Number of protein chains: 2
Amino acid sequence: MTATSNKEACTPRTSQEGPDVRPVEGPQADEELASLTKALGHPARVQIMRLLVRREACICGDIVDELPLAQSTVSQHLKVLKDAGLIRGEIDGPRVCYCVEPRTLRRLKALVGSL
Amino acid sequence: MTATSNKEACTPRTSQEGPDVRPVEGPQADEELASLTKALGHPARVQIMRLLVRREACICGDIVDELPLAQSTVSQHLKVLKDAGLIRGEIDGPRVCYCVEPRTLRRLKALVGSL
DNA sequence: TCATTTCATCGATGTTCTACGATGGACCTT
DNA sequence: AAGGTCCATCGTAGAACATCGATGAAATGA
């Protein structure tokens, strides 16, 4: 199959976790907010997040095709988002399926909302 | 007076403006989200925003005292936030009063919320 | 087994960011 | 007028980032 998205591969196991009890203010939270916004602070990475959020499913491959950047550059951006915990990548045969990490995204929204 | 905050100098004239009609998705919105998060993507700048939001008023001077950075560096960070439209600075005699730009902050929240 | 596909990583290069001290302008206070 | 305070800007040095092409690893498929 062409497999551009996949609802099975990495359906968010974390989505029905309990509420986040971490404080939304304080030095720790500030660092976290800075780190998350920094990760998101690039047009290509925003675009990637949009792609993943819109589909509400993983995207297996084909992310490169959506962006006007070289494959290695896109891979680099995916790594930044992954290191920030905003997305997750699971190996699916020859491809890698990327999907958002709902928990971290919620955390980002909570932190921004606290401003 | 010592004047660390000032409710009069730049009370947000923009706070009772109408709702933002700009779209929260699309290429334009993506660029905007990237630009705003990039501006916020540094611990010092998050701290500055916290300072301003917490007081719900302007801070005239003294911002430097709150951060472990040189005056010129803090000024640099303030400029980044100002260029992004997240804060506003008004000259108040020898000092400059900084306060958040509620409109832009709301916009940021809306954009992040759309993810 | 061998070629192909998919992606991560490496190395190089140019750009941007972060930080500082020094300087200078604008505005009080005396 | 002189001195002091507050802050922006400049110049600079080092770190980090963004981008690309090339290479390599892992898995599939012929």
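In what follows, chains are A, B, ... by sequence order, proteins preceding strands, each numbered from 1. On a predicted model such as this, the values are computed, not experimentally measured, just so you know. All values below come from the heavy atoms of this structure, side chains included, with hydrogens, waters and symmetry mates left out.
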Taking only residues two or more places apart in sequence, or in another chain, which ones meet [X] in a side chain to side chain contact (heavy atoms under 4.5 Å, CB included)?
X: A:Leu67; answer: A:Gln47, A:Ile48, A:Val74
X: B:His42; answer: B:Ala44, B:Arg45, B:His77
X: B:Glu25; answer: A:Arg50
X: B:Ala70; answer: B:Ser72, B:Thr73

Quiz prompt | Partners passing side-chain hydrogen bond (donor to acceptor under 3.5 Å, both in side chains) against B:Lys82 (at least two apart in sequence or in another chain) | solution = none
Could you check how far [atom1] of [X] sits from [atom2] of [N], rounded to whole Å?
X: A:Ile59; N: C:dC7; atom1: CD1; atom2: C1'; result: 15 Å
X: A:Lys79; N: D:dA16; atom1: NZ; atom2: P; result: 15 Å
X: B:Glu66; N: D:dC7; atom1: CD; atom2: P; result: 12 Å

Quiz prompt | Sequence-aligned protein contact record of nucleotides 14-30 of chain C, with B where the base is within under 4.0 Å of a protein heavy atom and S where only the sugar-phosphate is | solution = ---SSBBBB----SS--
